[in-house]
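Any value given below was found using the heavy atoms of this structure, including those in side chains, with hydrogens, waters and symmetry copies removed.
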Amino acid sequence: MNNKTTSNLLGLILKASIVGICGAMFPVIYLFFPAMFVTESIKEGILKTMAVFLFVCALVGAVFGVNMAVAILTVFGPMILIFNFMIINKFSVNTTIISTAILFFVSMIFMAYTAGVTPDMLKSQDTINSFIEMQNGLLSQGGDLGEISSVDATALYNRSLQLMPAVLLLISLCISYITYTRTGRNLLKSDKLIIQPNSFVFFRLPNEMIISGVIGILGVFLFQDFVGSTYKIIIENIVIVFAALLFFQGLSVIKYLMMRSKVNLFLQNLLILGAFVIPGVQFFFVIVGLVDMVFNFRKVPS
C-alpha cells in the first residue's frame, strides 16, 4: 500500500468517523455519508473501502450501541456496493439512481423490520398513544397552544402511515441523487471522470419515468377490485412521489432562468427557500416542471 493510498484511507476514516458520530445525533448529516465511501471505492478499490466502512460502523457502535452500528451497516452498506458496481460498469445515470434508490428503500424497510417496527406494532394502541403524547409535548413547548385531541392525533398518525411509502421513496431518491452527484464532483477533483448526473440547473426527469407513473396510476385504478380498498392510498403515494419530482424539476427550471438572467444570488436563494416554506407555492413549481416535461425549455438530452 503506497503512501497516497494510506493517506486517502486515513483521511476517509477521520471524515467518515466524524460524520458517522455526528449523524447519530443529527441524522440529516447522513445525506453526505455514503458519497465519501463510493468516491474512495472508485479510487482505492471496494475491498479497502469496505474495510474502512466496517471500522467506522464498529466505532459508531462503540459510542452509541450495537443497534446503531447495525442500522448504518444495513442501510448504507448495500448502497455503497451497488453504486461501486454500477459506476465501474458504466450503467446509465438514470438506471444507477433508480436502482440504488430502490435498494436503499428496501434496506430501510428491512432495517426497520429487524428492529421490531412491524405493521402490527405501528398500528398498536400503545404506539398511537406515544404519538399523541409526543404531539402534546411539542405543543406544550410552543407555549399556550392547548392539546390535540386523541381523535385528531390518531387521524394524523394514520394519515402519516398511509403516506410513509412515498416519503421513504423520495428520501431514497434524494440520497441516491446526492451520493451520485457528490461522488462525480469529488472524483473530478482527483482528475477522475465518470458518468454522472447533470448539475441541478439541468435536472430533468426521464420521460420513461413519467410514463411509468401514469401507467402505474391507471393500472391501480383499473384493477382496484383486485388491489382492494387501499387502491386510493396507493394512487396517492404515486401522485405524491411524481408531484415532488416535478416540483424539483420546476425549481431547476426557475433556477436556470434566474442564472441566465443573472439574478442576484441572494434573491435566488430567497426564492428557493420560499418555494419550500410558503404554502401553495409548490403547485406553481409542479406546473412548471410538468410543462418542461412537454417542451424541454433547456433542451436537456433525454
Side-chain angles (χ1 to χ4, degrees), residues 1-23 26-57 59-60 72 75-101 103-104 171-204 206 248-249 251-252 255-256 258-260 262 265-266 268-269 272 298 300-301:
M1 189 181 296
N2 59 43
N3 291 334
K4 185 177 180 181
T5 297
T6 302
S7 176
N8 288 340
L9 294 178
L10 289 176
L12 177 62
I13 290 174
L14 178 61
K15 291 185 294 184
S17 298
I18 294 173
V19 172
I21 292 173
C22 293
F26 306 101
V28 70
I29 296 176
Y30 279 131
L31 283 172
F32 311 103
F33 187 68
M36 294 185 291
F37 293 98
V38 178
T39 300
E40 291 303 322
S41 73
I42 304 299
K43 292 164 59 178
E44 304 297 344
I46 189 63
L47 293 179
K48 296 173 185 175
T49 303
M50 289 307 294
V52 173
F53 175 70
L54 292 174
F55 173 80
V56 172
C57 288
L59 179 62
V60 173
I72 295 174
V75 172
F76 293 114
M79 186 185 197
I80 294 168
L81 289 171
I82 194 67
F83 250 125
N84 175 270
F85 174 79
M86 300 192 82
I87 290 174
I88 287 177
N89 289 281
K90 299 181 179 180
F91 282 80
S92 71
V93 169
N94 293 333
T95 301
T96 302
I97 290 177
I98 293 172
S99 300
T100 51
L103 181 63
F104 187 81
I171 290 173
S172 301
L173 287 167
C174 180
I175 290 180
S176 181
Y177 177 80
I178 289 174
T179 300
Y180 203 171
T181 302
R182 288 184 63 86
T183 298
R185 306 304 186 266
N186 291 339
L187 289 171
L188 196 58
K189 294 176 183 177
S190 303
D191 297 325
K192 288 183 179 292
L193 184 63
I194 63 168
I195 301 172
Q196 58 183 291
N198 294 326
S199 60
F200 181 69
V201 292
F202 294 108
F203 172 77
R204 189 172 190 271
F248 282 107
Q249 180 161 327
L251 192 62
S252 171
K255 173 72 173 176
Y256 170 82
M258 288 192 296
M259 289 182 63
R260 285 203 59 180
K262 298 182 179 179
L265 184 60
F266 174 76
Q268 291 185 34
N269 293 331
I272 292 173
R298 298 160 293 173
V300 179

Item checked: Test side chain to side chain contact (heavy atoms under 4.5 Å, CB included) applied to I97 and P206, S172, S176, S92, the passing residue ->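 Looking at P206, S172, S176, S92, the match for I97 under the side chain to side chain contact (heavy atoms under 4.5 Å, CB included) is S176.
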Check: At what distance, to the nearest 0.5 angstrom, does OG1 of T100 lie from CG of L173?
Finding: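 It comes to 8.5 Å.
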Notebook entry, point to check: When rounded to the nearest 0.5 angstrom, what distance separates CG in L188 from CD1 in I194?
Noted result: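 CD1 of I194 is found 9.5 Å from CG of L188.
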Margin query: As an exercise, state the distance from CZ of F203 to CZ of R298, rounded to the nearest 0.5 Å.
Written below: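 One gets 9.0 Å once the value is rounded to the nearest 0.5 Å.
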Next item on the list: Begin from the C-alpha positions of M79 and I175 and carry the test side chain to side chain contact (heavy atoms under 4.5 Å, CB included) through to its verdict.
Entry: CA-CA 10 Å; M79 186 185 197; I175 290 180; 3.6 Å; yes
Next item on the list: Given side chain to side chain contact (heavy atoms under 4.5 Å, CB included), test N84 with I42 step by step and report yes or no.
Entry: CA-CA 7 Å; N84 175 270; I42 304 299; 3.7 Å; yes
Checklist line | side chain to side chain donor-acceptor pair (under 3.5 Å) against T49, all qualifying residues, sequence neighbours excluded | finding: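 Here no residue qualifies.
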Note to self: Quick check: do F26 and I29 have side-chain heavy atoms less than 4.5 Å from each other?
What the structure shows: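 Side-chain contact under 4.5 Å: yes.
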Checklist line | Note, I72 side chain near Y30 side chain (heavy atom, < 4.5 Å) | finding: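 Contact flag for I72/Y30 side chains = yes.
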Item checked: Atom pair CG/OH of L31 and Y177 - distance to nearest 0.5 Å ->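 It comes to 13.5 Å.
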Note to self: For a side chain to side chain contact (heavy atoms under 4.5 Å, CB included) check, start with the C-alpha distance between Y256 and L251, then their side-chain angles and the critical distance, and finish with the verdict.
What the structure shows: CA-CA 9 Å; Y256 170 82; L251 192 62; over 6 Å; no
Tabulate below the donor-acceptor pairs under 3.5 Å that side-chain atoms of residues 13-23 make, not counting sequence neighbours, or state none.
{"residue": "S17", "atom": "OG", "partner": "I13", "partner atom": "O", "Å": "2.6"}

Margin query: Among residues at least two apart in sequence or on other chains, which ones pass side chain to side chain donor-acceptor pair (under 3.5 Å) with T96?
Written below: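 Applying side chain to side chain donor-acceptor pair (under 3.5 Å) to T96 gives none.
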Next item on the list: Calculate, to the nearest 0.5 Å, the distance between atoms CE and CD belonging to M258 and Q268 respectively.
Entry: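 Spacing of CE (M258) from CD (Q268) equals 4.5 Å.
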Check: Can you name the residues that form a salt bridge (Lys or Arg N to Asp or Glu O under 4.0 Å) with K255, not counting sequence neighbours?
Finding: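 If we apply the salt bridge (Lys or Arg N to Asp or Glu O under 4.0 Å) test to K255, skipping adjacent residues, there are no hits.
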Next item on the list: For S199, enumerate each residue passing the side chain to side chain donor-acceptor pair (under 3.5 Å) test, keeping only those at least two apart in sequence or located in another chain.
Entry: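 So S199 forms no side chain to side chain donor-acceptor pair (under 3.5 Å) with any residue.
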Check: OG of S41 to CG of L81: how many Å apart, nearest 0.5 Å?
Finding: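 Between S41 OG and L81 CG, I get 8.5 Å after rounding to 0.5 Å.
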Notebook entry, point to check: F37 and F76: aromatic ring centres closer than 6.0 Å?
Noted result: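 No: the rings miss the under 6.0 Å criterion.
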Notebook entry, point to check: Between the side chain of T183 and the main-chain N/O of T179, is any donor-acceptor distance below 3.5 Å?
Noted result: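 Present.
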Notebook entry, point to check: Does any N or O in the side chain of S252 come within less than 3.5 Å of the main-chain N or O of F248, such that one atom is a donor and the other an acceptor?
Noted result: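 A pair under 3.5 Å: no.
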Margin query: How about CG on L47, more than 12 heavy atoms from neighbouring residues, nucleotides or ligands closer than 6.0 Å, or not?
Written below: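 Result for CG/L47: open.
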Next item on the list: Determine whether V38 and Y180 make a side-chain contact, defined as any pair of heavy atoms from C-beta on separated by less than 4.5 Å.
Entry: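 SC-SC contact between V38 and Y180 ruled out.
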Checklist line | Pairing residues for R185 by the side chain to side chain donor-acceptor pair (under 3.5 Å) criterion, not counting sequence neighbours | finding: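 Applying side chain to side chain donor-acceptor pair (under 3.5 Å) to R185 gives Q196.
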Item checked: Beyond-backbone contact of V52 with E40, side-chain heavy atoms, under 4.5 angstrom ->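 Heavy-atom side-chain distance check fails, nothing below 4.5 Å.
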Notebook entry, point to check: Taking atom types as modelled, is there a side-chain donor on T39 or R182 under 3.5 Å from an acceptor on the other?
Noted result: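 Distance-only check fails for T39 and R182.
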